[in-house]
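To start, the structure itself, in structure tokens.
Within every chain, numbering begins at 1; the chains are lettered A, B, ... in the order of the sequence lines, protein sequences first and strands thereafter. Side chains are part of it too, since the values below use all heavy atoms of this structure and drop only hydrogens, waters and symmetry mates. None of these values were measured; they are calculated from a predicted model.
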Amino acid sequence: MLDIKLLQNDFETICEKLRKKKVKEEVLDTLRSISLELKKEKKVLEELQAEQNAKSKLFGVYAKEGKDINALKAELSENKTKVAELNSLVKDLEEKLSSIASEIPNIPDESVPEGEDENENVELGLILTPPTFDFEAKEHWDLDNGWLDFERGVKLAKSRFTALRGDGAKLSRALINYMLDFNAKRGFSEVCVPYIANRETLTGTGQLPKFEDDLFKIDGEDLFLIPTAEVPVTNLFRDEILNENELPIKMTCYSECFRKEAGSAGRDTRGMIRQHQFSKVELVSITKPEQSEDVFNQMVDCASDLLTSLGLAHRKVMLCGGDLGFSAAKTIDLEVWFPGQNRYREISSISNTMDFQARRAKIRYKDGKKNKLVHTLNGSSLAVGRALIAIMENYQNEDGTIRIPEVLKAYM
RNA sequence: CGGGAGAUGGCAGAGCGGUUGAAUGCACUGGUCUUGAAAACCAGCGAGGGUCAUACCUCCGGGAGUUCGAAUCUCCCUCUCCCGGCCA
């Protein structure tokens, strides 16, 4: 959630910055005027309440002393309705304010380039050279080695579900274990969390209220399947005040992720690129504000080095304003080389949300005497399914067999 | 899913319908003492808003109600714990 005080005090700057994310100025204007009205009405209400409180206390004293209390009682009763009216007005304003504010995305960081969509993202570097083949490299769905069973996955659930079999299933598990161990060596401690989350949890990280259509909801309950481990892991510390000396908290978590992919009908319908359910190993960090930049870079390096260790060529891309997600102030994507498709495709995405999620989820820390909002960061270590098919395509032999990357052999 | 108990500050745990935002203990922070530490003693110590700072307002799981006044009374919801059933 965006800091309302910033909006009140520095309206122009905020508007300018949020223009990068295509937020309409009218919405911000409405938000600001509601917040100012609220401030005004609240002051009036508080004065009235103070008066009531003082007189109520007097009432108690008078009653004890046996003085006449009828006049006081009448006065209090009369003011009571005034307080109630004003109170409900203030509550209305507060509700309006938070419902608008909760749908405003995060403010992009200064380092984020201008741009409309993914075509204007900025490449930051290429790591490793894509392999060359003396035969025509196939796409993963054409590699007929029995690892990926698309038909039966669909039979079990529906389209965009896939079953893994044999060494494919084994490789998936090997990747998960390898990544978790790799991350642990970089100081990310492993956590394991529920795959189902409630409304407060999804609101804390920004998926709700705006993106309910992208989530699988449990019928008859106010619960949802998680779209990423970022949601439960970040919310581990919701409504908490952490000790300064326990920060930064760096965590890694394997989970299944569930997404409706409502807006992407017709895209990537073949193969395992875009699924309703996929495995992912995630990195999540909770930091002090002054630590977040550094930890962000650690997370990017961690994911990039992981790809390098698997021998997968990839590139680093800084997302432009128009391509940034709702909660992110800054995002770097890692795109891995797919020989069959002859292009780079996203396999990891690391974001710094600054205090945006922390404000929503009320995650704070004691900075000396004061309580301050933490910064939260999240990023895929790697999406396991995409790593699996990246290995299939990059390590394919002409006869359709697939070599196993050196570092994974111990895990198979 | 059936029966019982409960939800108060970081934790534990008091709280008569009226100066209770809340006793007490632990933890924590600062100080005295000590060569240093421990112990002991003294002091401070919930959150959010508001203010230059005070004042002041709100919050005792959430919501509604009774009352001049609710942490304390009533109702609804949620959650937790114990007993039974089912079960990895």
Side-chain angles (χ1 to χ4, degrees), chain A residues 1-9 31-32 34-99 101-102 192-204 208-209 217-224 232 235-247 249 256 286 288 355-374:
Chain A
M1 187 138 75
L2 130 110
D3 186 352
I4 300 292
K5 268 189 217 160
L6 279 180
L7 194 68
Q8 289 175 347
N9 300 333
L31 194 62
R32 190 178 70 128
I34 290 175
S35 77
L36 291 173
E37 192 187 347
L38 174 64
K39 201 174 169 177
K40 201 180 78 194
E41 297 296 345
K42 219 172 171 178
K43 203 178 167 195
V44 179
L45 172 66
E46 284 183 7
E47 277 164 12
L48 219 58
Q49 281 173 324
E51 197 186 323
Q52 283 291 91
N53 289 343
K55 284 181 181 165
S56 279
K57 274 185 187 170
L58 252 189
F59 188 100
V61 177
Y62 281 13
K64 220 177 260 175
E65 292 173 353
K67 288 186 186 168
D68 179 45
I69 50 179
N70 286 328
L72 195 53
K73 189 171 180 173
E75 200 180 337
L76 279 163
S77 297
E78 195 186 327
N79 280 334
K80 192 179 161 183
T81 50
K82 256 191 236 168
V83 172
E85 271 169 31
L86 207 51
N87 205 341
S88 76
L89 174 69
V90 165
K91 269 196 178 166
D92 275 1
L93 286 172
E94 272 171 349
E95 237 161 72
K96 234 186 259 175
L97 184 78
S98 77
S99 89
S102 64
C192 184
V193 293
Y195 293 178
I196 291 177
N198 60 31
R199 189 168 289 275
E200 294 74 53
T201 299
L202 272 313
T203 305
L208 290 179
K217 187 166 192 294
I218 310 284
D219 189 34
E221 313 241 13
D222 210 18
L223 295 169
F224 304 82
N235 275 280
L236 239 22
F237 303 101
R238 174 157 49 88
D239 289 319
E240 292 194 25
I241 299 174
L242 302 162
N243 272 326
E244 188 176 11
N245 56 24
E246 58 188 317
L247 298 174
I249 299 172
E256 292 300 307
I286 315 278
K288 296 201 258 180
D355 62 11
F356 184 81
Q357 291 178 328
R359 185 171 293 104
R360 290 179 153 241
K362 298 191 183 65
I363 311 174
R364 291 153 297 171
Y365 74 101
K366 270 225 182 304
D367 181 31
K369 201 89 167 132
K370 276 190 186 160
N371 296 323
K372 287 169 70 172
L373 293 169
V374 298

Exercise. Whole-Å distance between B:G48 P and A:Arg359 CZ?
Worked result: 13 Å
Seminar exercise, completed: Taking a pair to mean Watson-Crick or G-U wobble geometry with both distances below 3.5 Å, B:C86 pairs with none
Exercise. Could you state the NZ-C1' distance from A:Lys55 to B:U67, rounded to the nearest angstrom?
Worked result: 18 Å
Problem set entry | Minimum-distance nucleotide (side-chain atoms of A:Arg364 versus B:G48, B:C68, B:G49) | B:G48
For this session: Output yes when at least one side-chain N/O atom of A:Lys80 is less than 4.0 Å from OP1 or OP2 of B:G69, else no.
Result: yes
Seminar exercise, completed: Per atom distances to the A:Lys39 side chain, the nearest of B:U51, B:C68, B:U19 is B:U51
Problem set entry | Counterpart base for B:G44, defined by Watson-Crick or G-U wobble contacts under 3.5 Å | B:C28
Exercise. Atom CD of A:Glu41 and atom C1' of B:G49: how far apart are they, to the nearest Å?
Worked result: 16 Å
Problem set entry | Length of the line joining A:Arg360:CZ and B:G48:P, which is rounded to integer Å | 19 Å
Seminar exercise, completed: With the side chain defined as heavy atoms from C-beta on, A:Gln49 is closest, among B:C57, B:A47, B:G69, to B:C57
Exercise. Could you state the CG-P distance from A:Asp367 to B:U29, rounded to the nearest angstrom?
Worked result: 15 Å
Problem set entry | C1'-based separation of B:C68 from B:C11 [nearest Å] | 38 Å
For this session: Grab the CG-P distance between A:Leu242 and B:A47 for me, whole Å please.
Result: 14 Å
Exercise. What distance, rounded to whole Å, do you find between the two P atoms, one in B:C82 and one in B:G44?
Worked result: 40 Å
Exercise. Backbone N or O of A:Lys370 within a donor-acceptor pair of the A:Arg364 side chain at under 3.5 Å?
Worked result: no
Exercise. Can you tell which of B:G50, B:C68, B:G48 lies closest to the side chain of A:Lys5?
Worked result: B:G50
Seminar exercise, completed: So CG of A:Leu2 and CG of A:Leu7: to nearest 0.5 Å the spacing works out to 5.5 Å
Problem set entry | Side-chain N,O (A:Asn371) to OP1/OP2 (B:A47) below 4.0 Å | yes
Exercise. What interatomic distance, in whole Å, is found between C1' of B:G85 and the corresponding atom of B:G61?
Worked result: 29 Å
For this session: Please give the nucleotide sitting opposite B:U67 as a Watson-Crick or G-U wobble pair, both distances under 3.5 Å, or none.
Result: none
For this session: Could you give the distance separating B:A70 and B:C59 at their C1' atoms, to the nearest angstrom?
Result: 14 Å
Exercise. Between A:Thr201 and A:Arg238, which heavy-atom pair has the shortest distance, and what is it?
Worked result: OG1-NH2, 2.8 Å
Exercise. Under a 3.5 Å cut-off for both distances, is B:U35 Watson-Crick or wobble paired, and to whom?
Worked result: none
For this session: Pick the P atom in B:A5 and in B:C75, then give their distance to the nearest Å.
Result: 14 Å
Exercise. Roughly, in whole Å, what's the span from NZ in A:Lys43 to C1' in B:U58?
Worked result: 17 Å
Seminar exercise, completed: Against the side chain of A:Lys366, the closest entry in B:G46, B:U58, B:C68 is B:G46
Exercise. What are the two closest non-hydrogen atoms of A:Leu97 and A:Ser35, and how far apart are they?
Worked result: CD1-CB, 3.7 Å
Seminar exercise, completed: Ranking A:Lys91 and A:Ala54 by the position along RNA chain B of their nearest nucleotide, the one closer to 5' is A:Ala54
Problem set entry | A:Glu41 CD to A:Asp92 CG distance, which is reported to the nearest 0.5 Å | 11.5 Å
Exercise. Between B:G49, B:U19, B:G18, which nucleotide gets closest to the side-chain atoms of A:Phe59?
Worked result: B:G18
For this session: Report which part of the nucleic acid A:Leu45 touches: base, sugar-phosphate, or nothing (heavy-atom distance under 4.0 Å, all strands).
Result: nothing
Seminar exercise, completed: Here the distance between atom P of B:G69 and atom CD of A:Glu78, to the nearest Å, is 14 Å
Problem set entry | Inter-nucleotide C1' distance (B:C60, B:G13), Å rounded | 14 Å
Seminar exercise, completed: Between A:Glu78 and A:Thr81, the two heavy atoms sitting closest are O-OG1, 2.8 Å
Exercise. So which nucleotide from B:C68, B:C56, B:A64 ends up closest to the side chain of A:Ser56?
Worked result: B:C68
Exercise. Does a donor on one side chain sit under 3.5 Å from an acceptor on the other, for A:Ser56 and A:Asn53?
Worked result: no
Problem set entry | Nearest-nucleotide pick for A:Ala50, side chain only, options being B:C56, B:G69, B:G49 | B:C56
Problem set entry | Spacing of the P atoms in B:U78 and B:G63 (rounded, Å) | 15 Å
Exercise. Paired with B:A5 by Watson-Crick or G-U wobble geometry, both distances under 3.5 Å: which nucleotide is it?
Worked result: B:U80
Exercise. Roughly how far apart, to the nearest Å, are B:G31 and B:U24 at atom P?
Worked result: 24 Å
Exercise. Distance check: side-chain N/O of A:Lys57 vs OP1/OP2 of B:U19, anything under 4.0 Å?
Worked result: no
Exercise. A:Asn53 side chain N/O closer than 4.0 Å to the phosphate oxygens (OP1, OP2) of B:C57?
Worked result: yes
Exercise. Which heavy atom of A:Pro232 sits nearest a heavy atom of A:Pro194, and at what distance?
Worked result: CG-O, 3.8 Å
